[in-house]
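Encoded as structure tokens, the structure appears first; notes follow it.
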Amino acid sequence: MPNNTDQLTRFLFDELGVRGEIVTLDSSWQAALSKHDYPTVVAEQLGQALAASLLLSATLKFDGSLIIQIRGDGPINLLVSQADDQQAVRGLAHWNGDVPDGNLSSLFGHGVLVMTIKPTKGKAYQGVVSLEGDTLSDALQAYFTQSEQLKTRLWFAVNGEHAVGLMLQELPMHEGEEADWERVEMLANTITDDELLNLNSEEVIHRLFHEETVRLFEPEPVEFKCDCSQEKVEASLLTLGLKELRSLVEERGVIEADCDFCNKHYQFDAIDIEQLFSEGKIGGSAVKH
Ligand SMILES: [Zn+2]
């Protein structure tokens, strides 16, 4: 896949009132895969979720991040993916035992799709719908329909090397105008997994929309990046309280915390814990015993 690694390309049908995006994950996909020993079926869902969060976060008009989460009682009990305005993405899946290939309900059981939008400044917004349809694409489409947002469709193709997503979204229209949504959607529907995985973004757009007037924007780089930090782990430890932490250290020697997204290892011994509290890192009200 030449000239097309780890990038997001936006395109626009000015006359038809529709915008599009294609995202391709390559080394960022390898980075996500390397964190856990994912069965193929689970990896496929993760690849789709990573692509989806990047595609959808790129539609936000403010700085912040978008998180897609699926929780269920099936073989895959958690799927999370988060992307921000810098096209940094991270994600993970938790599963139990053998995961048979199948539709969403056989993979996730009874589940919910949670979409969280977290602006850098301001309040977070969260929408929850029950998990519906056969694929993640169906579930996301149901989410947009139920929350009465702009018409949105996504297509995904994932293999061991690439995770690719294509999205179309209706543009907000002025009164009396109407997007030529069906025409663009019908053209996009002719895409195959093989084409998404083996053509670069420009070729995909040409293949689908060569009869339309399409404005293509400069591709933006995408990377797998985790924003966990010593400070964030400390902050979450502080919520347990000194008493609890002291007894944990006594029991285990050290308190260990691994970031599930990037596998970074954090460790705190008895002295670290005492310091955490004596340094007044809990908003000035230092706890001393
Ligand atoms: Zn991390």
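Atoms within each ligand, like the ligands themselves, are counted from 1 in listed order.
With hydrogens and angles ignored, the 3.5 Å screen pairs a side-chain donor or acceptor of Ser137 with a backbone N or O of Leu154. With Asp26 contributing its side chain and His162 its backbone, the two residues share no donor-acceptor pair below 3.5 Å.
Residue pairs satisfying the ring-ring contact (aromatic ring centres under 6.0 Å, His included) criterion with at least one member in residues 84-112, sequence neighbours excluded, are listed as follows: Tyr38-Trp95.
The CD atom of Glu203 lies 12.0 Å from the CG atom of Leu196; values are rounded to the nearest 0.5 Å.
Remark: Asp84 does not engage Lys225 in a salt bridge, criterion side-chain N to carboxylate O under 4.0 Å. Remark: Arg10 does not engage Glu218 in a salt bridge, criterion side-chain N to carboxylate O under 4.0 Å.
Distances from the Zn ion (ligand 1) under 2.8 Å pick out these protein N/O/S atoms: Cys226 SG, Cys228 SG, Cys259 SG, Cys262 SG.
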